[in-house]
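All values below were derived from every heavy atom in this structure, side-chain atoms included, with hydrogens, water molecules and symmetry-related copies excluded. Atoms within each ligand, like the ligands themselves, are counted from 1 in listed order. Positions are given from 1 along the sequence.
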Amino acid sequence: MRREEILDLLFAQPFEAVCERAARVLEEEKGAHVHVRGLIEFSNSCRRNCRYCGLRCENGNLRRYTLAKAEIMAAATRAVALGADTIVLQSGEYAIDPMWLADVIDCLRGGLNVPVTLSVGEHPRAAYALWKEAGAVRFLLKHETADPLLYEALHPGHVLAERIASLRVLQRLGYEIGSGFMVGLPGQSLNTLADDIILARRLGVSMCGAGPFIPQHDTPLGAYPAGSAQLALRVMAVMRIVMPWANIPATTALATVDAQGGQRNGLLAGGNVLMPSFTPSAYGSQYCIYDNKNRVDMLGARKAIEGAGRSHTLARW
Ligand code: SAM
Ligand code: SF4
């Protein structure tokens with residue numbers, strides 16, 4: 001599909017028509033099943049300084065934590081018992097001891113026999129290879145915005161090409177890669193959203209997330225308005241049409257800007273993944289990437305799945 005057609009779906013076609021088309025594609029490609037990924041935010045330490053994120057290293061108003069291996073295993077055991085089909089280990093980008101994370105992945109694979117997805121930022125190829133060897137199968141690394149100038153403005157000292165190069169390295173190592181971007185970033189031109197979708201398609205991502213930008217009061221972008229939930233839903237529906245094969249999450253950011261129906265609406269707009277959090281509650285409030293973060297749990301996931309008339313084999317509630 002050409003850029004003009006994507007722009008037409010994004011900004012000219014009626015919302016309902018785009019969602020109906022996305023629902024048909026979803027039904028044909030993925031059926032009614034919703035994947036439930038158990039998210040464990042194991043550290044809020046970060047060396048980067050992304051201007052939108054509350055975990056940025058210059059934010060001193062944050063108690064930094066890193067979970068012990070036993071805490072991660074306990075959270076993962078609970079997630080699997082409640083029906084999570086994958087464990088997603090997420091953190092700020094910090095100097096993780098590669099051997100330590102490899103050991104955690106190995107224990108999750110061996111002890112719980114559950115697939116492991118990583119979302120830990122940019123690292124040397126050797127670390128990515130070690131974690132793959134230990135059993136990690138997917139890696140989420142959002143490109144955040146396909147506009148190279150905006151990328152540089154939002155990520156001091158970093159360029160978009162680096163991010164794309166990391167995604168390529170991960171892909172060559174055999175990971176299923178996931179990317180994604182924010183909707184409503186300060187300085188984002190609307191047409192860039194079409195480029196975001198085209199970039200994700202060109203990368204051949206297995207998963208792509210598009211959630212609204214949400215301000216965090218301790219960041220340079222803290223006074224800007226949040227992105228629109230409605231536009232994020234439209235972007236998801238267009239992604240479903242353009243990348244029928246992709247797994248598309250109804251993001252926690254969507255559930256934060258629309259606490260009532262955000263994730264259900266995300267499933268109705270072409271989404272087929274939910275990522276409830278299993279981060280121990282003592283730490284969850286310190287993983288404050290944006291303000292008023294809605295901690296979506298398994299109960300919330302079940303409500304969204306039922307509300308959208310979809311299914312998931314959840315062991316216990
Ligand atoms: N540090 C890793 C990285 O950046 O890839 C993974 C963790 S990071 C907190 C996960 C995602 O949070 C980022 O890819 C970004 O899209 C999202 N995020 C951060 N700040 C946000 C904000 N203010 N609004 C919406 N999403 C945000
Ligand atoms: Fe760190 Fe990721 Fe937040 Fe950037 S988005 S500051 S890399 S946690």
List every atom of ligand 1 that sits less than 4.0 Å from any heavy atom of [X], numbering the atoms from 1 in the order shown and giving each element.
X	answer
K142	14 (O), 16 (O)
I289	9 (C), 12 (O), 20 (N), 23 (N)
Y52	19 (C), 20 (N), 21 (C), 22 (C), 23 (N)
S119	6 (C)
G92	1 (N)

CA sep, side-chain torsions, deciding dist, call: F213, Q188, side-chain contact (heavy atoms from CB on, under 4.5 Å)
CA-CA 11 Å; F213 156 77; Q188 182 179 55; over 6 Å; no
Should the heavy atoms of other residues, nucleotides or ligands under 6.0 Å from [atom1] of [X] be counted, would the total exceed 12?
X	atom1	answer
R78	CZ	no
E133	CD	no
N191	CG	yes

Given 3.5 Å as the limit, does a donor-acceptor pair link the side chain of [X] with the main chain of [Y], or not?
X	Y	answer
R109	N113	no
S43	Y65	yes
R234	L9	yes

With heavy atoms only and a cut-off of under 4.0 Å, state how [X] meets ligand 1: side chain, backbone, both or neither.
X	result
R47	neither
P212	backbone
Q90	side chain
S91	backbone
Y287	side chain
C53	both

Ligand 1 to E144 polar contact by distance, N or O atoms, under 3.5 Å:
yes
Please determine whether a side-chain nitrogen of the Lys or Arg among R56 and D218 lies less than 4.0 Å from a carboxylate oxygen of the Asp or Glu.
no
If we count only non-hydrogen protein atoms and require a distance under 4.0 Å, does [atom] qualify as touching the protein?
atom	answer
atom 1 (Fe) of ligand 2	yes
atom 14 (O) of ligand 1	yes
atom 11 (C) of ligand 1	no

My understanding is that only residues two or more places apart in sequence, or in another chain, count here; which of them pass salt bridge (Lys or Arg N to Asp or Glu O under 4.0 Å) with D258?
none
Would you mind reporting whether [Y] and [X] have side-chain heavy atoms less than 4.5 Å apart?
X	Y	value
T145	M182	no
I305	V36	yes
E93	E122	yes

Counting heavy atoms only, name the option from M182, R163, E122, E93 that's nearest to atom 3 (C) of ligand 1.
R163
Can you list the steps and then say if R37 with H35 is a side-chain contact (heavy atoms from CB on, under 4.5 Å)?
CA-CA 6 Å; R37 321 290 201 201; H35 297 287; 3.5 Å; yes
Protein N/O/S atoms under 2.8 Å of atom 3 (Fe) of ligand 2?
C53 SG
Parallel under 30°, tilted from 30 to 60°, perpendicular over 60°: which one fits the rings of Y128 and Y175?
perpendicular
Identify, for atom 23 (N) of ligand 1, the protein heavy atom at the shortest distance, and state residue, atom and that distance.
I214 O, 2.7 Å
